2 protein chains.
Amino acid sequence: MDLFLSKFSNNIDKKGRVTLPSLFRNALPKNDRNEIILFKSLKFSAIEGCSSQRINNIAKKINELDIFSDDQEDFATSIFSEVIPTKLDKEGRFLIPDNLKNHANILNEATFIGQGHYFQIWNPKGALERQQKSRERLVKEKRTLGSILSKQENKND
Amino acid sequence: MDLFLSKFSNNIDKKGRVTLPSLFRNALPKNDRNEIILFKSLKFSAIEGCSSQRINNIAKKINELDIFSDDQEDFATSIFSEVIPTKLDKEGRFLIPDNLKNHANILNEATFIGQGHYFQIWNPKGALERQQKSRERLVKEKRTLGSILSKQENKND
DNA sequence: CTTATACCCATTGACGCCCATAATATCCCA
DNA sequence: TGGGATATTATGGGCGTCAATGGGTATAAG
């Protein structure tokens, strides 16, 4: 299972197209690399994106929640109604819908940041600030990337 | 997996390539020796590096957190967006991204320092100073390798 | 008819892939 | 044990491919 990793900034051209970074395209499921799912982040002025496979998986999980619970309704409403399937052209570019662009204050440059199984799209400044904040939190908790990454967690090597 | 041990200095050529020291290449998992992960050290003006397998393990752990929790979001951003997957060519060379080079003040020579399960990349002068400081600190605190090792002698890994 | 978007092809610079070489280390066998 | 054959390392460089980007035209939609 490939992950969305690292950070990339790409320009939005006159026609409104942005290219999804090559590494992100490769992180999409091999049989379905012509489409991504976009939706507003619930927490940030950012767009979130993922493969349609992931949405299907989330749907399954929501289904497993008690069918009469408030959670179920809220999730269902806030997620499924707001989700926007988006096609990529042959070069891996797509159009960011206007309402999402506005939500994320994106003008002519979009910054993609990897979040593992999904990714986010920010305006460049917002992306930097978000990275700094989350990094500060890590430092404050005295956890470093190095120590986290260097722990022996796996047995298959 | 084997450990990243010892210290090596290699040149950066006109094209910006450095070879990962042979011993470090051999310390990578046998099935995945064409890629490493690079990221800024949070504590030093240095780059840290590890195998991509580590990232996958981290991903598993983070994925186990509640999917919409603050922790999940913060970890995802601070790790997945900061991490840079980097391919090695057939000769074991790779390109150090410019922002990482700047972070570590690396120009045309890179010093690799083994840190066990991960490694660091410094500029040669910085590497020397770092070695001296950590050595001095060990001596000052009267912690000798011997005492540390004897504490662990009944842990078998 | 006007506007938007899907599909196609072109360009440019960076990077991956390949082959070459020199220096060093390892091996093998007489 | 010596010495030549072989392997491996760090390094240099040519060249094709691909990524990001630009733009033209057909097609659809309103």
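Below, chain A is the first sequence line, B the second, and so on; all start at residue 1. For clarity, every value in this text was computed on a predicted model and none was experimentally measured.
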| task | If a pair satisfies ring-ring contact (aromatic ring centres under 6.0 Å, His included) and one of its residues is in residues 33-54 of chain A, list it, with sequence neighbours excluded. | result |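 Passing the test, one end in residues 33-54 of chain A: A/Phe44-A/Trp122.
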| Got a sec, which pairs hit ring-ring contact (aromatic ring centres under 6.0 Å, His included) with one end in residues 3-38 of chain A, sequence neighbours left out? |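 ring-ring contact (aromatic ring centres under 6.0 Å, His included) check on residues 3-38 of chain A returns A/Phe4-A/Phe24, A/Phe4-A/Phe119, A/Phe8-A/Phe24, A/Phe24-A/Phe119.
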Can you tell me how far [atom2] of [N] sits from [atom1] of [X], to the nearest Å?
X: B/Leu88; N: D/dT11; atom1: CG; atom2: P; result: 15 Å
X: A/Lys90; N: D/dG23; atom1: NZ; atom2: P; result: 18 Å
X: A/Asp13; N: D/dA19; atom1: CG; atom2: P; result: 18 Å
X: B/Asn34; N: C/dC15; atom1: CG; atom2: C1'; result: 16 Å
X: B/Phe8; N: D/dA10; atom1: CZ; atom2: P; result: 8 Å

| task | Please check the phosphate of D/dA20 (OP1 and OP2 only) for any side-chain N or O of A/Asn11 closer than 4.0 Å. | result | no
Under the side-chain contact (heavy atoms from CB on, under 4.5 Å) rule, collect the residues that match up with [X], sequence neighbours excluded.
X: B/Asn102; value: none
X: A/Arg54; value: A/Cys50, A/Ser51, A/Ile58, A/His117, A/Tyr118, B/Ile67
X: B/Ser52; value: B/Asp32, B/Glu35, B/Ile37
X: A/Lys125; value: A/Asn123, A/Glu129

| Axis-to-axis angle between the two ends of the helix from C/dC1-D/dG30 to C/dA30-D/dT1 (five base pairs per end, rounded to 10 degrees) |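 Terminal axis comparison yields 40°.
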Separation between [atom1] of [X] and [atom2] of [Y], rounded to the nearest 0.5 Å:
X: B/Ser45; Y: B/Asn105; atom1: OG; atom2: CG; value: 5.5 Å
X: B/Thr77; Y: A/Gln132; atom1: OG1; atom2: CD; value: 13.0 Å
X: A/Ile36; Y: A/Asn34; atom1: CD1; atom2: CG; value: 11.0 Å
X: B/Lys101; Y: B/Ile106; atom1: NZ; atom2: CD1; value: 8.5 Å

| request: Would you classify A/Asp89 as touching base, sugar-phosphate or nothing, given that sugar-phosphate means primed atoms plus P, OP1 and OP2, and contacts are heavy atoms under 4.0 Å? | output: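 Nothing, no nucleic acid heavy atom in range.
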| request: Report yes if some heavy atom in the side chain of A/Leu138 is under 4.5 Å from a heavy atom in the side chain of B/Leu42; otherwise report no. | output: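 Sidechains of B/Leu42 and A/Leu138: in contact.
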| task | Share the residues that join B/Leu128 in a hydrophobic cluster, the rule being Ile, Leu, Val, Met, Phe, Trp or Tyr side chains under 4.5 Å apart at the heavy-atom level. | result |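 Members other than B/Leu128 - counting any ILVMFWY side chain reachable under 4.5 Å - there are none.
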| request: Give me the residues of residues 14-33 of chain A where at least one heavy atom lies under 4.0 Å from an atom of DNA chain D, by number, or none. | output: A/Lys14, A/Lys15, A/Arg17, A/Thr19, A/Leu20, A/Pro21, A/Ser22, A/Arg25
| request: Identify, residue by residue, the members of residues 91-101 of chain A with a heavy atom below 4.0 Å from DNA chain D, and return them in order of residue number, or none. | output: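 Within residues 91-101 of chain A, the residues near DNA chain D are A/Glu91, A/Arg93.
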Which atom pairs, one a donor and one an acceptor, fall under 3.5 Å between side chains of residues 13-21 of chain A and the rest of the protein, sequence neighbours left out?
{"residue": "A/Asp13", "atom": "OD1", "partner": "A/Lys15", "partner atom": "N", "Å": "2.9"}
{"residue": "A/Asp13", "atom": "OD1", "partner": "A/Gly16", "partner atom": "N", "Å": "3.0"}
{"residue": "A/Asp13", "atom": "OD1", "partner": "A/Arg17", "partner atom": "N", "Å": "2.9"}
{"residue": "A/Asp13", "atom": "OD2", "partner": "A/Arg17", "partner atom": "NE", "Å": "2.8"}
{"residue": "A/Asp13", "atom": "OD2", "partner": "A/Arg17", "partner atom": "NH2", "Å": "3.1"}
{"residue": "A/Thr19", "atom": "OG1", "partner": "A/Asn10", "partner atom": "ND2", "Å": "3.1"}

Please enumerate all protein N or O atoms sitting under 3.5 Å from an N or O of nucleotides 26-30 of chain D, with distances to 0.1 Å.
none

